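For reference, positions follow the sequence shown, starting with 1. For clarity, every value in this text was computed on a predicted model and none was experimentally measured.
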Amino acid sequence: MPVPVPHQRSVVLPHQAGPVDDACADAAQVAGAPGAGHTTARHVGAPATAVGRPSDHPAPQGSPDPGQTADERVPAGHGPVHQGLTLLLIGENPNSHVPDMWDWAGRKVRLRTARNLTEAERLLTDDVHCILLDLPPREPGDRTERAAGGGAPDDELGMLRDVLRMATSHAVLVLTYETDAERAADAVRVGAQDYLFRDELDGAVLSRAVRYAVERKRADLAQRQLTESRMLAQENARLERGLLPTPLLDGSNLRFAACYRPGRSRALLGGDFYDTVRTPDGTVHAMIGDVCGHGPDEAALGVELRIAWRALTFAGLSGDELLATLQKVLEHERADDEIFATLCTVDISADGRRAGLCLAGHPAPLLAQAGQRPQLLPYEFGGPALGLLPNARWPRRQVELGGSWSLMMYTDGLIEGRIGQGNQRLGQEGMTELVSRQMAAGLTGEELLEASVREVRDLNGGELTDDVAVLLLDRR
């Protein structure tokens, strides 16, 4: 028996092949195809190439030569032809008869034979679609003797288990006798797609069983991949959701709202990060930042910086000392020296009337005081982004808030969206005007943030490509 060169064992299913062309349609019309009134049978031990017409039935004039492969029969000007299904028969008896089979397009199914698993593994190339395992007949009393000897009855299906482990993505059929109906049912329970009885075997039954097994295996693989994808998506969602911050404002009269939109498709977490906590002295600390980039590594670094900020804040650090320590964290955790992060921190006094502001390369917050138009806080006293200069300093600026106010902190994804079809960006002035209109319409809290982000997206003409984080603190 000629042994093909082994390839990677991945099944090529019918739906993945190209359409049937004229050459395939012509090949399907040779004598012996369904409807031609001719049925042949061949021995298991016959060479794999002897799948055409027997020598005593010469092919009609103009019919393809059965000794040629499908690619050799392609007329000039045609590309490679899909060769239909290939069946690998594994059985110890070389004299077993297997009738001719036909695929969906009326093409003859090619047959390969192997007497044991060693031969089968060599023949299990990537163009094999289905395996037909010929189970040897069970000796009378075999099951009883196994059970009496301490062995499990299912041990007699050990060969099937080996085949299933060897061919995880191939359809498997079991061939046995009708007297072994119980074992045939056990084979399906173990993992075979179906079983056939030798007593009832003919070309039509076998053809239908092979086609059904291939399609069922394809459906099983697709369902498994879908289930695994859903489970992975659910796990990622739970992980990312758990990394989003929970504000700690117990005992404070400030109202908190946030809006978060990662730029990555199907992600819940991006390189932007924020947090808000209240320390025992009554001070409310708020922070928002942005790691350059949009991938999962940047998102992970943003989470590390947020957690470090919360720990350092509860440890009593603030202002320049806190930012200098965060820069050391960034320098040790970033993947390369070109990664940096912008940051804005605000420390609101216990009475809520004043705040300390530190900017590290980040856009200045927007402050809306009672009866006044929203204004951007001063930016001139800010320092560089974290990770750019080794000995940088970040001065802390005192800001008077008043008795009633709203403070909005945001990342640059909110202001870098385009306006219409041109290259003009929204910018901080455009954002200030947009938020002013929303506030004048009476929107507050999360409604204000959602409406603002939605309008920015509409002005951009679609989804924003950068991460967007917006944080709002109110005192009324």
Does the distance from a Lys or Arg side-chain N to an Asp or Glu carboxylate O, for Asp347 and Arg396, drop under 4.0 Å?
yes

From Leu133 CG over to Leu175 CG, what is the distance, rounded to the nearest 0.5 angstrom?
8.5 Å

Between Tyr410 (side chain only) and Pro363 (backbone N and O only), is there a donor and an acceptor less than 3.5 Å apart?
no

Solution key, residues 436-443 side-chain donor-acceptor pairs under 3.5 Å, sequence neighbours excluded:
from   : atom 1 : to     : atom 2 : distance (Å)
Ser436 : OG     : Thr432 : O      : 2.7
Arg437 : NH2    : Glu455 : OE2    : 2.2
Gln438 : NE2    : Glu455 : OE1    : 2.7

Under a 4.5 Å cut-off applied to non-hydrogen side-chain atoms, are Thr411 and Asp467 in contact?
no

Can we say Asp127 and Arg112 salt-bridge, meaning some charged N sits less than 4.0 Å from an Asp/Glu carboxylate O?
yes

What pairs of donor and acceptor atoms, side-chain ones from residues 309-326 against any protein atom, are under 3.5 angstrom apart with sequence neighbours left out?
from   : atom 1 : to     : atom 2 : distance (Å)
Arg310 : NE     : Asp275 : OD2    : 2.9
Arg310 : NH2    : Thr246 : O      : 2.9
Arg310 : NH2    : Asp275 : OD1    : 2.7
Arg310 : NH2    : Asp275 : OD2    : 3.2
Thr313 : OG1    : Trp309 : O      : 2.7
Asp320 : OD1    : Trp394 : N      : 2.7
Thr325 : OG1    : Glu321 : O      : 2.9

Find out whether Leu117 and Met159 are in side-chain contact, i.e. whether some heavy atom of one side chain is under 4.5 Å from a heavy atom of the other.
yes

Residue pairs fulfilling side chain to side chain donor-acceptor pair (under 3.5 Å) with at least one residue in residues 376-392, sequence neighbours excluded
none

Please report the shortest heavy-atom distance between Leu330 and Ile339, naming the atom on each side.
CD2-O, 4.4 Å

Taking Arg476 for the side chain and Ser404 for the main chain, is one N or O donor matched with an acceptor at less than 3.5 Å?
no

List the steps and the verdict of side-chain contact (heavy atoms from CB on, under 4.5 Å) for Ile288 and His362.
CA-CA 9 Å; Ile288 195 166; His362 200 87; 3.6 Å; yes

Ser207 side chain reached by Val109 side chain, heavy atoms, under 4.5 Å
no

With Gln375, which residues qualify under side chain to side chain contact (heavy atoms under 4.5 Å, CB included), at least two apart?
Arg373

How far does CD of Glu331 sit from CD of Glu333, to the nearest 0.5 angstrom?
11.5 Å

Tell me which one of Pro378, Pro395, Pro365 satisfies side-chain contact (heavy atoms from CB on, under 4.5 Å) with Leu359.
Pro365

Backbone N/O of Asp194 and side chain of Arg216: donor-acceptor pair under 3.5 Å
no

Are there more than 12 heavy atoms of other residues, nucleotides or ligands under 6.0 Å from atom CD of Gln372?
yes

Looking at Glu215 and Arg218, is any side-chain nitrogen of the basic one under 4.0 Å from a carboxylate oxygen of the acidic one?
yes

Is any side-chain heavy atom of Trp102 less than 4.5 Å from a side-chain heavy atom of Leu85?
no

CD/Glu433: more than 12 non-hydrogen atoms of other groups inside 6.0 Å
yes

Please report the C-alpha distance between Leu123 and Val128 in whole Å, then the side-chain angles of each, then the deciding distance to 0.1 Å, and finally whether the side-chain contact (heavy atoms from CB on, under 4.5 Å) criterion is met.
CA-CA 8 Å; Leu123 294 172; Val128 173; over 6 Å; no

Smallest separation among heavy atoms of Ala360 and Leu386, with atom names
CB-CD2, 4.2 Å

Looking at Asp272 and Ala469, what are the two nearest heavy atoms and their distance?
OD2-N, 3.6 Å

Any side-chain heavy-atom pair of Phe273 and Met287 under 4.5 Å
yes

Separation between CG (Asp162) and CG (Leu157), nearest 0.5 Å, reads 11.0 Å

Looking at residues at least two apart in the chain, or sitting in another chain, which of them share a salt bridge (charged side-chain N to carboxylate O under 4.0 Å, His left out) with Glu463?
Arg457

Option among Leu471, Leu472, Leu377 that satisfies the side-chain contact (heavy atoms from CB on, under 4.5 Å) test with Leu407
Leu377

One should read off an interatomic distance between Met101 CE and Arg110 CZ, to the nearest 0.5 angstrom, of 11.0 Å

side-chain contact (heavy atoms from CB on, under 4.5 Å) assessment of Ser452 paired with Leu434:
CA-CA 7 Å; Ser452 299; Leu434 184 152; 3.8 Å; yes

If you look at every heavy atom in Glu119 and Thr113, which pair is closest and at what distance?
OE1-O, 4.4 Å

Looking only at non-hydrogen atoms, find the nearest pair between Ala120 and Met166 and report the distance.
CB-CE, 4.1 Å

Is a side-chain N or O of Tyr260 found less than 3.5 angstrom from the main chain of Gly270, in a donor-acceptor match?
yes

Decide yes or no for Arg278 and Asp250: does some side-chain heavy atom of the first lie under 4.5 Å from some side-chain heavy atom of the second?
no

Any side-chain heavy-atom pair of Val210 and Leu173 under 4.5 Å
yes

Going by an N to O cut-off under 4.0 Å, is there a salt bridge joining Arg261 and Glu450?
yes

Side chain of Gln369, backbone of Leu401: donor and acceptor closer than 3.5 Å?
yes

Between Glu400 (side chain only) and Arg354 (backbone N and O only), is there a donor and an acceptor less than 3.5 Å apart?
no

With rounding to the nearest 0.5 angstrom, report the CG to CZ distance, Leu459 to Arg425.
13.0 Å

Only one of Val277, Leu254, Val346 clears side-chain contact (heavy atoms from CB on, under 4.5 Å) with Val284; which?
Leu254

Donor-acceptor pair, distance only, cut-off 3.5 Å: does the side chain of Thr176 make one with the backbone of Ala184?
no

Whether Asp186 and Arg183 form a salt bridge (side-chain N of Lys/Arg under 4.0 Å from carboxylate O of Asp/Glu) is what I want to check.
no

Any donor-acceptor pair under 3.5 Å linking the side chain of Gln398 with the backbone of Gly356?
no

Minimum heavy-atom distance between Asp474 and Gly445, given as atom pair plus value:
OD2-N, 4.2 Å

Approximate separation, where rounding is to 0.5 Å, of Arg211 CZ and Leu206 CG:
10.0 Å

Close side-chain approach of Leu473 and Phe256, heavy atoms under 4.5 Å:
yes

Could you walk me through whether Cys344 and Leu357 satisfy the side-chain contact (heavy atoms from CB on, under 4.5 Å) test, starting with their C-alpha distance in whole Å, then the side-chain angles of each, then the deciding distance to 0.1 Å, before giving a yes or no?
CA-CA 7 Å; Cys344 170; Leu357 171 66; 3.8 Å; yes

Residues Asp220, Lys217; criterion salt bridge (charged side-chain N to carboxylate O under 4.0 Å, His left out); working and verdict
CA-CA 5 Å; Asp220 289 344; Lys217 186 64 177 182; 5.8 Å; no

Would a distance-only check, ignoring hydrogens and angles, find a side-chain to backbone donor-acceptor pair under 3.5 Å from Glu298 to Gly295?
yes

Residues which pass side chain to side chain contact (heavy atoms under 4.5 Å, CB included) with Asn460, listed by chain and number, not counting sequence neighbours:
Arg418, Leu464

